[in-house]
Amino acid sequence: MFPEYDIIVVGAGHAGCEASAAAAKMGSRVLLITMNMTTIGQMSCNPAMGGVAKGQIVREIDALGGLSGIVSDKSMIQFRMLNRSKGPAMWSPRTQNDRMRFSEEWRLSLEKTPNIDFWQEMVTEILVEQNRACGVKTSLGLEIRAKAVILTNGTFLNGKIHIGEKSFGGGRNAEKAAVGLTEQLVKLGFESGRMKTGTPPRIDGRSLDYSLMEEQKGDERPGKFSFTDTPVLQRQLSCWITYTNNQAHEALKRGFEKSPMFNGRIMGLGPRYCPSIEDKINRFAERERHQIFVEPEGWNTIEIYVNGFSTSLPEDVQYKALTKIPGFENVRMFRPGYAIEYDYFPPTQLKPTLETQLIDNLYFAGQINGTTGYEEAACQGLVAGINAHNKLAQKAPFILKRSEAYIGVLIDDLVTKGTQEPYRMFTSRAEYRILLRQDNADLRLTEKGYELGLADDDRLTALLKKRKEIEEVLHHLNTIKVDPDMVNSQLEVINTASLREKTTLSSLLKRPEIGVNQLSVLHTDIKALLQKFSAEAREQAEIAVKYQTYIEREEKLVEKITGLEDFTIRPDFDYDRVKALSAEGREKLKRIRPLTIGQASRISGVSPADVSILTIYMGR
């Protein structure tokens, strides 16, 4: 019934979709197995992509040739660039999306991708022969053979849903949990744990009074994620902001004794930076109110996502508290919020390629590794798909360094440090974030994507054109000098000091009051010159000039650490032979099996002395 596939991907969430698309585009024959064909690429929680640091990840996925950015652009209903008041390293794109169109776009994209087949069923077992994954077994007893398997099970592994004192098995509300896989993997020697996440109630937008809320519009000139020619948003839907109050808090407190979070029925750790509303009230008792974002779920639906009101309290308590929020007095609820508990596998059991250390050709990606968020899952799926294909094709593994991408930071954090709570990406996790901006993701990664066979010729052509334009703009900024008489009158208008001698445009641009657009108003000749170039090239040149010192400083730091990152360690290295290592250092090194001295230096419990001993032992 089935041929032997190159790769089987289990689960069709954000990680599974990216893994399937990447491996298939690179030439592998892929089978994507999901329990429900109608929920491929579904946004299980909020209908949005990107945000702080997450937006950078989506742009990196797109720059490499992944599809999350394109799908997001085609289904967005609002675009905002967050943190515009801060430096470029903090700018983070975010889209509000049409939930149904997002899933539809993912499915259509996968169906148009050659080399992908689909099968709807639950996978209950991984076929393992001679310590190598060689296929899967399904709930119907079918054995489907493949050379590699990628698990992207999301919250479905022994998933358990909690609403007040009620609990039942499920991977999402109204969908059954996946059973059998965890138990098999534990028997094979894997360590597993439990995590939890939650979702808010969904409500009827017709029952809200928006006049009592603050409108949150999209950007006047909306951007997008993809570096390709995806459509620019012509109209946008607004979100709205309101706040909880003491009355809502008191209504919620009355249900605390029935809360699965507080009575010990939920054992898994939840996301620190996205707590439930009851957790917020309990932990921040001094706060009189908490912000609520009222987010539409799409162009043509009345359903509303109540961002900031994640809860697992009884449904009657949820409803009573909602009615106390300004604008929600007459609210009608479609379905209650709930918490979900699920199995995960500590990611220190993985190689940086996301292949497991215990079983060859078996890869984990997404929430199975302890992460939270669509974006974190999608980039892991992309990397797992690339590496599964490369290993089968006997090509070099694809590992992004921390200095190359947020994706590199995320995966290095997971496999080197592990996580005990759902991992979420922040800009603060990246030590080279001035280099890893959202605006230059293509400059950093598209050539890598092209070499892999993911980014096509059009992407590379666009990249080379952009790079050439940036160089030309920088050349003009650094060489053209302006006379004081030519610009002083305009400098006074924008409240910056007059010139006393001829000065290059780049020197003027370094002033905080002047951006590249202000340069254009100084003189008609300057305006005519700059307008020859794209807005994107002008912005890149401005960032390069204004942040030159900071960029150079980070580049020097990268150079210093490169030696350790390039100093590889054999996978079968015998740490017991190095008697001078500390006991804890030896234990951690044997368990995590770092691929480089740089990775070894970031393992908790491996001291600087241990690193020095290793480098000396290896002849450096």
Side-chain angles (χ1 to χ4, degrees), residues 1-13 15-20 23-24 28-40 110 115-160 169-172 175-194 342-345 347 349-351 353-369 377 380-381 384-385 387-389 391-392:
M1 181 175 176
F2 294 98
E4 180 178 9
Y5 288 90
D6 294 315
I7 299 168
I8 291 175
V9 178
V10 181
C17 288
E18 286 289 2
S20 301
S28 285
R29 187 168 187 186
V30 176
L31 177 66
L32 176 58
I33 304 180
T34 173
M35 292 197 292
N36 189 345
M37 287 281 290
T38 63
T39 56
I40 288 175
L110 292 173
N115 297 327
I116 299 180
D117 288 343
F118 303 86
W119 184 252
Q120 177 174 292
E121 202 187 339
M122 183 193 297
V123 169
T124 57
E125 187 179 330
I126 306 299
L127 301 179
V128 179
E129 295 175 1
Q130 298 179 333
N131 216 46
R132 182 183 300 271
C134 58
V136 300
K137 188 174 183 178
T138 72
S139 56
L140 288 176
L142 300 174
E143 292 192 358
I144 310 173
R145 308 286 294 187
K147 298 169 186 172
V149 176
I150 303 174
L151 295 184
T152 69
N153 302 81
T155 61
F156 282 78
L157 291 178
N158 291 324
K160 190 174 187 181
R172 277 190 295 246
E175 295 184 59
K176 61 184 179 181
V179 296
L181 274 178
T182 296
E183 293 74 14
Q184 182 205 9
L185 291 170
V186 169
K187 284 182 181 178
L188 288 170
F190 287 93
E191 175 191 351
S192 72
R194 294 285 276 178
Y342 56 93
D343 293 335
Y344 85 105
F345 292 83
Q349 300 171 100
L350 302 175
K351 302 172 185 177
T353 58
L354 299 182
E355 184 183 20
T356 66
Q357 295 183 17
L358 282 174
I359 304 296
D360 287 344
N361 293 5
L362 176 63
Y363 297 77
F364 293 171
Q367 284 177 284
I368 192 173
N369 290 335
Q380 291 174 70
N387 279 309
H389 170 84
K391 186 175 183 187
L392 297 181

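Counting from 1, the numbers follow the sequence of the chain as shown. Here the structure is a predicted model, which means the values were calculated and not measured.
- Using a 3.5 Å distance cut-off with no hydrogens or angles, the side chains of Lys391 and Asn361 do pair a donor with an acceptor.
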Stepwise side-chain hydrogen bond (donor to acceptor under 3.5 Å, both in side chains) check, Tyr5 with Asp117
CA-CA 9 Å; Tyr5 288 90; Asp117 288 343; 2.7 Å; yes
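- By the 4.5 Å heavy-atom criterion applied to side chains, Val30 and Ile8 are not counted as neighbours.
- In this structure Glu18 satisfies the side-chain hydrogen bond (donor to acceptor under 3.5 Å, both in side chains) test together with Ser68, sequence neighbours excluded.
- Annotation: salt bridge (charged side-chain N to carboxylate O under 4.0 Å, His left out) contacts involving residues 176-193, sequence neighbours excluded, are absent.
- Ser192 is not listed as a side-chain neighbour of Leu185, based on a closest heavy-atom distance of 4.5 Å or more.
- Between Arg145 and Cys134, the closest side-chain pair of non-hydrogen atoms falls below 4.5 Å.
- Between Asp6 and Arg29, no side-chain nitrogen of the basic residue sits less than 4.0 Å from a carboxylate oxygen of the acidic one, so the salt-bridge criterion is not met.
- Between Phe190 and Phe364, the ring planes are tilted. Angles from 30° to 60° get that label.
- Across all their heavy atoms, Ile7 and Ala388 have their closest contact at CD1-CB, 3.7 Å.
- Side-chain contact, Asn387 with Glu355: no donor N or O sits under 3.5 Å from an acceptor N or O.
- With sequence neighbours excluded, no residue satisfies ring-ring contact (aromatic ring centres under 6.0 Å, His included) with Tyr342.
- Leu110 has its side chain within reach of Ile40: a pair of non-hydrogen atoms, C-beta onward, lies under 4.5 Å apart.
- Residues in residues 120-160 take part in no ring-ring contact (aromatic ring centres under 6.0 Å, His included) pair, two or more places apart or across chains.
- At least one side-chain heavy atom of Leu151 sits less than 4.5 Å from a side-chain heavy atom of Val10.
- Every side-chain hydrogen bond (donor to acceptor under 3.5 Å, both in side chains) that Thr182 has, sequence neighbours left out, goes to Asp343.
- In this structure, the side chains of Ile33 and Val9 stay at 4.5 Å or more apart for every pair of heavy atoms.
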Is there a side-chain hydrogen bond (donor to acceptor under 3.5 Å, both in side chains) between Thr34 and Asn36 once you walk through the steps?
CA-CA 5 Å; Thr34 173; Asn36 189 345; over 6 Å; no
May I have the list of side-chain donor-acceptor pairs in residues 120-127 shorter than 3.5 Å, sequence neighbours left out?
from: Gln120; atom 1: OE1; to: Met37; atom 2: N; distance (Å): 2.8
from: Glu121; atom 1: OE1; to: Trp119; atom 2: NE1; distance (Å): 2.8
from: Glu121; atom 1: OE1; to: Thr138; atom 2: OG1; distance (Å): 3.0
from: Glu121; atom 1: OE2; to: Thr138; atom 2: OG1; distance (Å): 2.7
from: Glu121; atom 1: OE2; to: Ser139; atom 2: N; distance (Å): 3.2
from: Glu121; atom 1: OE2; to: Ser139; atom 2: OG; distance (Å): 3.1
from: Glu121; atom 1: OE2; to: Leu140; atom 2: N; distance (Å): 2.5
from: Thr124; atom 1: OG1; to: Lys137; atom 2: O; distance (Å): 3.3

